[in-house]
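Read through the structure below, which is laid out as structure tokens, and then see the notes.
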Amino acid sequence: IVSLDVVIDEALTLEGDARELMRHVQQRRKDAGLSVQDRITLRVDGGEKLMAAHGKAIADQTNAVLGDADGEASSLELESGTLTVYFRLP
């Protein structure tokens with residue numbers, strides 16, 4: 001007999017949200033015509049727990065520096081809440 005725990009806890013929700021945020025940022029990079037080597041500055045408002053848990057991985061995977069980006073904003077609905085994502089070239 002095999003038993004599975006199908007409860008999605010906060011850690012798993014945040015991990016899924018981190019992947020969705022990375023996908024969102026990568027799509028914005030693509031839409032802006034950036035190459036893989038182009039570094040960006042990224043600011044995420046509304047996702048304090050997400051960024052505390054996964055901010056370094058998000059920055060690494062999107063070739064971003066986390067900081068005060070005042071560029072174009074986009075909104076992203078995630079399981080853990082709504083984020084405002086700011087993105088600009090350094």
Side-chain angles (χ1 to χ4, degrees):
I1 295 177
V2 176
S3 175
L4 296 176
D5 182 4
V6 294
V7 175
I8 299 175
D9 63 5
E10 183 179 36
L12 193 55
T13 298
L14 289 175
E15 186 175 333
D17 285 352
R19 291 180 187 275
E20 183 61 23
L21 176 55
M22 285 185 253
R23 186 209 59 77
H24 177 78
V25 172
Q26 295 292 34
Q27 185 61 52
R28 290 194 59 203
R29 289 175 59 88
K30 181 180 176 183
D31 293 346
L34 299 179
S35 73
V36 174
Q37 296 85 9
D38 292 330
R39 199 150 184 80
I40 62 168
T41 301
L42 181 68
R43 184 177 102 208
V44 178
D45 291 348
E48 290 76 19
K49 282 186 178 182
L50 172 63
M51 296 308 289
H54 298 284
K56 182 175 178 349
I58 291 166
D60 290 347
Q61 291 296 314
T62 59
N63 197 19
V65 174
L66 299 177
D68 188 24
D70 56 357
E72 184 180 335
S74 63
S75 183
L76 181 61
E77 290 286 330
L78 299 173
E79 289 292 323
S80 60
T82 302
L83 305 179
T84 303
V85 180
Y86 297 88
F87 163 117
R88 72 174 168 85
L89 292 171

Taking every non-hydrogen atom, the tightest pair across [X] and [Y]:
X     : Y     : value
Ala64 : Arg39 : O-NH2, 3.9 Å
Arg43 : Gly67 : CB-O, 3.2 Å
Gly55 : Leu66 : O-CD1, 3.7 Å
Phe87 : Val25 : CE1-O, 4.3 Å

Less than 4.5 Å apart, any side-chain heavy atom of [X] and any of [Y]?
X     : Y     : result
Arg28 : Val85 : yes
Leu89 : Ile40 : yes
Val44 : Ile58 : no
Leu34 : Asn63 : no

side-chain hydrogen bond (donor to acceptor under 3.5 Å, both in side chains) against Ser35, all qualifying residues, sequence neighbours excluded: Gln37, Asp38
Are there over 12 heavy-atom neighbours, none belonging to Gln27, within less than 6.0 Å of that residue's CD? yes
Taking only distance into account, with no hydrogens and no angle test, what donor-acceptor pairs under 3.5 Å do side-chain atoms of residues 12-22 form with protein atoms, sequence neighbours excluded?
from	atom 1	to	atom 2	distance (Å)
Thr13	OG1	Asp9	O	3.1
Asp17	OD1	Glu79	N	3.2
Asp17	OD2	Ser80	N	2.9
Asp17	OD2	Ser80	OG	2.5
Glu20	OE2	Arg23	NE	3.1
Glu20	OE2	Arg23	NH2	2.9

Just how far is it from atom OG1 of Thr41 to atom OH of Tyr86, taken to the nearest 0.5 Å? 14.5 Å
Does the Arg29 side chain pair with the main chain of Thr62, one donor and one acceptor, at a distance under 3.5 Å? yes
Check whether any side-chain N or O of Gln26 sits under 3.5 Å from a backbone N or O of Gln61 as a donor-acceptor pair, and report yes or no. yes
